Protein chains: 2
Amino acid sequence: MQPRAAHTAPMPSIPAISPADLDQTDHRLPLYARLRDVLTRHIAGGAWPPGEALPAESALASAYGVSVGTMRKALQQLVDEGLLERRHGSGTFVRRAQFDKSLFRFFRHAGDTGSGIPASRILRREVTTAGEAPEAALGLPADAPVIRLQRLRFWGDEPFLAEDIVLPHDRFSAFLDIPVEELGPLLYPVYEQACGQVVARAEELLTVGAADAVVARLLRCRTGTPIVSIERTAFAHDGSALEWRRSRGRADGFTYRVEIR
Amino acid sequence: MQPRAAHTAPMPSIPAISPADLDQTDHRLPLYARLRDVLTRHIAGGAWPPGEALPAESALASAYGVSVGTMRKALQQLVDEGLLERRHGSGTFVRRAQFDKSLFRFFRHAGDTGSGIPASRILRREVTTAGEAPEAALGLPADAPVIRLQRLRFWGDEPFLAEDIVLPHDRFSAFLDIPVEELGPLLYPVYEQACGQVVARAEELLTVGAADAVVARLLRCRTGTPIVSIERTAFAHDGSALEWRRSRGRADGFTYRVEIR
DNA sequence: CAGTGGTCTAGACCACGGG
DNA sequence: CCGTGGTCTAGACCACTGG
């Protein structure tokens, strides 16, 4: 999609909505799906500030020259994907901090409040070729270039999670333009805004093992300490794999909550 | 598969559909939601054999005296819940074996195939009052009567999972009429067919701990062996809690897979 | 109160599947 | 070919929110 560089000017606050936007979408898709994609692009581009209302569905419908019912179907899909929130009587809103909720799960120690985002420090960022597990998960050939990230997360001063993150270099080359110091604790918004890559869903695989020497040093525990490992593969709307991530933390005090539907 | 209440007569193969069915639903709900509930009841009652088609949406709509669009919305909700499957050009079908897929997650040991349902043995069934964790999760008063089930699951001869299951006695009294020997490995279909309770979603909470004496005996391991515990609370469509369940198994060889949306 | 999203209708046309 | 579900339209009416 539209990979934007790190230094672009802020978006205009009044988004340019026009029926011509539809021409930039896949003509084979149904109209509501093309509307959904157009709106997704506007939302990802920051056209409407999170927390503020979009135009009314009737206004959007006439702006794009479609019926209200069709626009409703597009909007509803975005609600299902977690991008929008609709409030009866007041309007349609861009959801903020969606990543905390559905695509973000943490190790939690007994004492913490469970709210807030832990601090993180990036230990390394490099371009290499992926190992076996990541490349299989990302569907890449054995020698494809990838961006590899090593990160450590903290509650206060205590490291509790060691992360290895792997991104396909092709889609994420713009990610390398961003100084490591400017990366905040949340990466998915960066993927969206810098690389135009939107995470739609993810799979996680949990296992329990023992700390090896590297992990033990990072987490300040002994080799052999019980460790929980979470391998996550994140996917785009089209089903292609965007990111592979392995997070490891001490098993004591570990808590993982899932909603199943 | 579908264990039906022991003494009931077989269902009629031609379901009696009539607009009067709607009177038995909550009048405060929107029409499509009431249609959804009516259809759920028919499906749970076995009105349409799994794998065979329901009447066409237009036929259903006129049978209930509603418009096609409204009927479509009801049917779509059942698709989202996994009860139905629609195939363009051929029809609407009751899905079989839905419980394997979304509401069923297992401990898996390295060697197993990952397919199939493990055998299970029920060790105890009794009516008591719940402990602290279950009663809080079920939203019951401290001294409410509950049905408590202790169950052990096997891969072949090897026990790998010890389960404690708690059900509110009020809703599940019919469950006690079913002989323990007739209970198969899947309980949710029994809840549906014997007690009319349909599980719509669930929450699971994973933690890692050590085996106490009781669990160690059941799982044939030493006290203190690392153990994974999964606490699940299952909810009905109206949001009320139906079942609390804690499953514990050895941490080595443990695997848990989740899809996040 | 005016404006928003939520429900429901009635119908047209299209795309797919199987006989 | 016919019957199925999928898309899209145009509109009426209701229920909720906020000033």
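What you are looking at is a predicted structure, and each value in this text was computed from that prediction instead of being measured.
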Separation of [X] atom [atom1] from [N] atom [atom2], in whole Å?
| X | N | atom1 | atom2 | value |
| --- | --- | --- | --- | --- |
| A:R28 | C:dA15 | CZ | P | 15 Å |
| B:L22 | C:dC8 | CG | C1' | 14 Å |
| B:R72 | D:dT9 | CZ | P | 15 Å |
| A:M71 | D:dT7 | CE | P | 16 Å |
| A:L31 | C:dA15 | CG | C1' | 16 Å |
| A:L84 | C:dG6 | CG | P | 11 Å |
| B:E85 | D:dT4 | CD | P | 18 Å |
| B:H88 | C:dG17 | NE2 | P | 8 Å |

Exercise for the section: Please work out if B:T92 contacts a base, only the sugar-phosphate, or nothing of the nucleic acid, heavy-atom cut-off 4.0 Å. Expected result: sugar-phosphate
Exercise for the section: Quick one: label B:V66 by what it contacts on the DNA or RNA (base, sugar-phosphate, nothing), any heavy atom closer than 4.0 Å. Expected result: sugar-phosphate
Practice task
For B:T40 and B:R36, indicate whether the former's side chain and the latter's backbone hold a donor-acceptor pair under 3.5 Å.
Solution key: yes
Handout entry: Any donor-acceptor pair under 3.5 Å from B:R95 side chain to B:L84 backbone
Key = no
Exercise for the section: Using heavy atoms to find the nearest nucleotide of DNA chain C for B:S90 and A:R86 separately, return the residue whose nucleotide is more 5′. Expected result: A:R86
Practice task
Applying side chain to side chain contact (heavy atoms under 4.5 Å, CB included), run through A:L242 and A:F172 and close with a yes or a no.
Solution key: CA-CA 9 Å; A:L242 291 180; A:F172 286 91; 4.3 Å; yes
Taking 4.0 Å as the cut-off, does a side-chain nitrogen or oxygen of [X] come that near to OP1 or OP2 on [N]?
| X | N | value |
| --- | --- | --- |
| B:K73 | C:dC8 | no |
| B:S58 | D:dG3 | no |
| B:Y32 | C:dC8 | no |

Problem - A:G89 or B:A56, whichever maps to the more 5' nucleotide of DNA chain D - result: B:A56
Problem - Residue whose nearest DNA chain D nucleotide is more 5′ - A:R87 or A:A33 - result: A:A33
Practice task
Answer yes if the side chains of B:T233 and B:E203 hold a donor-acceptor pair under 3.5 Å, and no otherwise.
Solution key: no
Handout entry: pair B:W244-B:I165: side-chain heavy atoms closer than 4.5 Å
Key = no
